[in-house]
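Side chains included, hydrogens not; waters and symmetry mates left out as well; all remaining heavy atoms used. Note that the coordinates shown come from a computational prediction; the quantities given were computed from them, not determined experimentally.
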Amino acid sequence: MSTSVAIAVITFRRPDLLKDLLDSLQAQELPEHGDYAVRIVVVDNDAEGSAGEVIATAAADARYPIETAIEPEPGIPFAREKSVQLAWDDDALIFVDDDEVAPPGWLATLLRAWETTGADVVTGPVQGILPADAPAWNHHSDVHDSTGKHATGDVLNKAYTNNTLVAQRVYHAVTPAFHPAFRYTGSSDLHFFLRVHQAGFRIVWCEEARIQEDVPASRTTLRWLFRRAFRSGSGDTISRLLIQPGAMSYLRVLAYALARIASAFVYGLGGLVLIRKTHLLKAVRRFFSGIGSLAGIVGINHDEYRERHRPDGGDAVPGDLAGGAGTGSAELADPEGAPVADHPDARLP
């Protein structure tokens with residue numbers, strides 16, 4: 001029998017980017033000596049189903065069939081969990097983002113890596129394509145480009161859903177996968193893969209399975225860099241404390257946060273002495289990541305995705321980073337809302 005593989009895409013009001021991604025997925029070739037049945041699963045996180053026309057056009061005469069569903073509950077964890085449910089019977093699930101484009105050979109390379117390594121999870125780099133007028137600092141930072149960070153075959157302790165294959169045995173064992181605490185903040189994928197690693201599954205890097213991402217101008221500012229680093233640090237801390245609560249866990253994340261801040265000063269000093277912009281930018285990221293890690297200890301995070309899901313002006317979050325109002329608490333999904341309370345993620349600790 002063929003090995004069934006679902007490519008999962010979650011999307012929210014990005015029709016043009018979604019079209020480019022789906023076109024690139026339909027152009028993918030399969031490994032020459034493998035027997036794969038590939039399909040694409042698109043979960044629209046817009047209750048109005050705004051991606052419907054793009055999906056219908058892409059599905060017409062498609063090389064790989066497209067299945068679609070609407071997840072009306074706003075928030076990345078709910079859309080991701082829906083994609084897992086839709087791919088429950090597939091042998092593997094590949095996560096990609098709706099603002100990415102798969103270059104030729106990407107899918108075959110990822111599948112071959114899965115075949116040859118026997119890994120439970122295979123993940124690859126994302127190469128950001130900067131706009132022509134991006135500020136110069138972007139070219140000296142790796143914030144938008146994870147190529148070259150690991151060597152093919154390296155075993156990792158975490159992964160993300162931007163370019164990752166997950167074997168069925170993993171999402172059948174580590175379930176439910178995505179926690180509603182990260183509804184608007186991001187990091188639900190980090191929380192999932194930390195649990196995957198803790199469960200003893202092997203996560204392997206494949207440098208050649210590269211995917212590309214168009215970087216919008218809004219993500220080329222220093223303000224965005226500060227906020228993203230803060231959110232990443234906080235999300236890491238909250239993830240680890242959700243997985244293993246207790247005094248020892250608090251001490252570990254505190255030590256990690258302080259180490260990040262200390263290393264920021266080391267990189268900053270090295271950057272000044274050696275006149276290396278890469279070191280200075282790494283110092284900035286580590287400093288704000290460390291501050292975010294400290295904030296996560298008391299449940300504080302930045303609701304990065306709330307504005308996209310609350311076009312009615314709900315982006316004015318009490319305590320949000322906007323306008324210098326300080327940091328705000330990471331909200332758990334509303335336990336009184338039936339769609340949330342009934343969601344399997346609500347059973348997570």
Please report the C-alpha distance between Phe230 and Ile300 in whole Å, then the side-chain angles of each, then the deciding distance to 0.1 Å, and finally whether the side-chain contact (heavy atoms from CB on, under 4.5 Å) criterion is met.
CA-CA 10 Å; Phe230 178 95; Ile300 294 175; 4.2 Å; yes

Starting at CZ of Arg286, measure out to NE2 of His279 and round the result to the nearest 0.5 Å.
10.5 Å

Taking all non-hydrogen atoms of both residues, which atom of Asn45 and which atom of Ile76 are closest, and how far apart?
OD1-N, 4.2 Å

Supply the atom-to-atom distance Asp90 CG to Gln168 CD, rounded to the nearest 0.5 angstrom.
7.5 Å

In terms of hydrophobic clustering (I, L, V, M, F, W, Y; side-chain heavy atoms under 4.5 Å; direct or indirect links), are Tyr256 and Tyr267 co-clustered?
no

Given Arg183 and Glu73, is the salt bridge (charged side-chain N to carboxylate O under 4.0 Å, His left out) satisfied, shown in steps?
CA-CA 10 Å; Arg183 176 195 285 267; Glu73 187 65 42; 3.0 Å; yes

Validation row: Leu165, Leu111 side chains within 4.5 angstrom (heavy atoms):
yes

Closest heavy-atom pair, Tyr160 versus Thr123, reported as atoms and distance to 0.1 Å, is O-OG1, 4.4 Å

Can you confirm whether Ile275 is buried at CD1, in the sense that more than 12 heavy atoms of other residues, nucleotides or ligands lie under 6.0 Å from that atom?
no

What do you reckon, is CD of Glu53 surrounded by more than 12 foreign heavy atoms closer than 6.0 Å?
no

Supply the atom-to-atom distance Asp44 CG to Thr68 OG1, rounded to the nearest 0.5 angstrom.
6.5 Å

To the nearest 0.5 Å, what is the distance between CH2 on Trp205 and OG1 on Thr164?
8.5 Å

Go through the side-chain N and O atoms of Ser293 and Arg260 and say whether any donor and acceptor fall under 3.5 Å apart.
no

Please tell me if the side chains of Glu208 and Arg112 come closer than 4.5 Å, counting only heavy atoms from C-beta onward.
no

Are any side-chain N or O atoms of Gln28 and backbone N or O atoms of Ser24, one a donor and one an acceptor, separated by less than 3.5 Å?
yes

Besides Val155, the hydrophobic cluster formed by Ile, Leu, Val, Met, Phe, Trp and Tyr side chains linked at under 4.5 Å, directly or via other members, contains Val204

Going by the angle between their ring planes, with limits at 30° and 60°, are His191 and Phe182 parallel, tilted or perpendicular?
tilted

Mark yes when over 12 heavy atoms from residues, nucleotides or ligands other than His172 sit less than 6.0 Å from its NE2; otherwise mark no.
yes

Between atom CG of Asn163 and atom CD1 of Ile211, what is the distance when rounded to the nearest 0.5 Å?
5.0 Å

Tell me whether Leu21 is reachable from Leu17 by hopping between hydrophobic residues (I, L, V, M, F, W, Y) whose side-chain heavy atoms are closer than 4.5 Å.
no

Counting C-beta onward and ignoring hydrogens, is there a side-chain heavy-atom pair between Val84 and Phe95 closer than 4.5 Å?
yes

Side-chain touch Glu81/Pro176, heavy atoms, less than 4.5 angstrom:
yes

Do Ile291 and Leu281 belong together in a cluster built from hydrophobic side chains that touch within less than 4.5 Å?
yes

In terms of side-chain heavy atoms, does Thr161 have a donor or acceptor partner in Arg80 at a distance below 3.5 Å?
yes

Please name the pair of heavy atoms, one in Arg195 and one in Thr175, separated by the smallest distance, quoted to 0.1 Å.
NH2-N, 4.2 Å

Which pair of non-hydrogen atoms, one from Ser2 and one from Asp35, has the smallest distance, and what is that distance?
OG-OD1, 2.8 Å

Show, in sequence, the C-alpha distance, side-chain angles and deciding distance for Arg285 and Asp142, and conclude whether the side-chain contact (heavy atoms from CB on, under 4.5 Å) test is met.
CA-CA 10 Å; Arg285 286 183 63 192; Asp142 61 358; 2.5 Å; yes

Linking directly or through intermediates, with side-chain heavy atoms under 4.5 Å: list the remaining ILVMFWY members grouped with Met248, chain and number order.
Leu251

side-chain contact (heavy atoms from CB on, under 4.5 Å) assessment of Val143 paired with Leu225
CA-CA 8 Å; Val143 66; Leu225 176 68; 3.9 Å; yes

Any idea how Trp114 and Tyr36 line up, ring-wise: parallel (<30°), tilted (30 to 60°), or perpendicular (>60°)?
tilted

Report the C-alpha distance between Glu115 and His33 in whole Å, list the side-chain angles of each, state the deciding distance to 0.1 Å, and finish with yes or no for side-chain contact (heavy atoms from CB on, under 4.5 Å).
CA-CA 11 Å; Glu115 292 174 359; His33 304 294; over 6 Å; no

When you group the ILVMFWY residues by side-chain heavy-atom contacts below 4.5 Å and let the links chain together, are Ile129 and Val96 in the same group?
no

With the side chain counted from C-beta on, respond yes when Pro180 and Phe78 share a heavy-atom pair under 4.5 Å apart, and no when they do not.
yes

Measure the shortest side-chain to side-chain distance between Gln26 and Ile66 over non-hydrogen atoms and say whether it is less than 4.5 angstrom.
yes

I'd like to know if Ile94 and Phe192 are part of one continuous hydrophobic network [Ile/Leu/Val/Met/Phe/Trp/Tyr, side-chain heavy atoms within less than 4.5 Å].
no

Close side-chain approach of Val54 and Thr11, heavy atoms under 4.5 Å
no

Exercise: identify the closest heavy-atom pair between Leu294 and Ile261
CD1-CD1, 3.7 Å

Distance check, rounded to the nearest 0.5 Å: Ser50 atom OG versus Arg14 atom CZ?
12.0 Å

Regarding Glu29 and Arg63, does a basic nitrogen lie under 4.0 Å from an acidic carboxylate oxygen?
yes

Smallest separation among heavy atoms of Leu30 and Ala108, with atom names:
C-CB, 4.1 Å

Find out whether Pro65 and Arg39 are in side-chain contact, i.e. whether some heavy atom of one side chain is under 4.5 Å from a heavy atom of the other.
yes

Lys277 NZ: over 12 foreign heavy atoms closer than 6.0 Å:
no

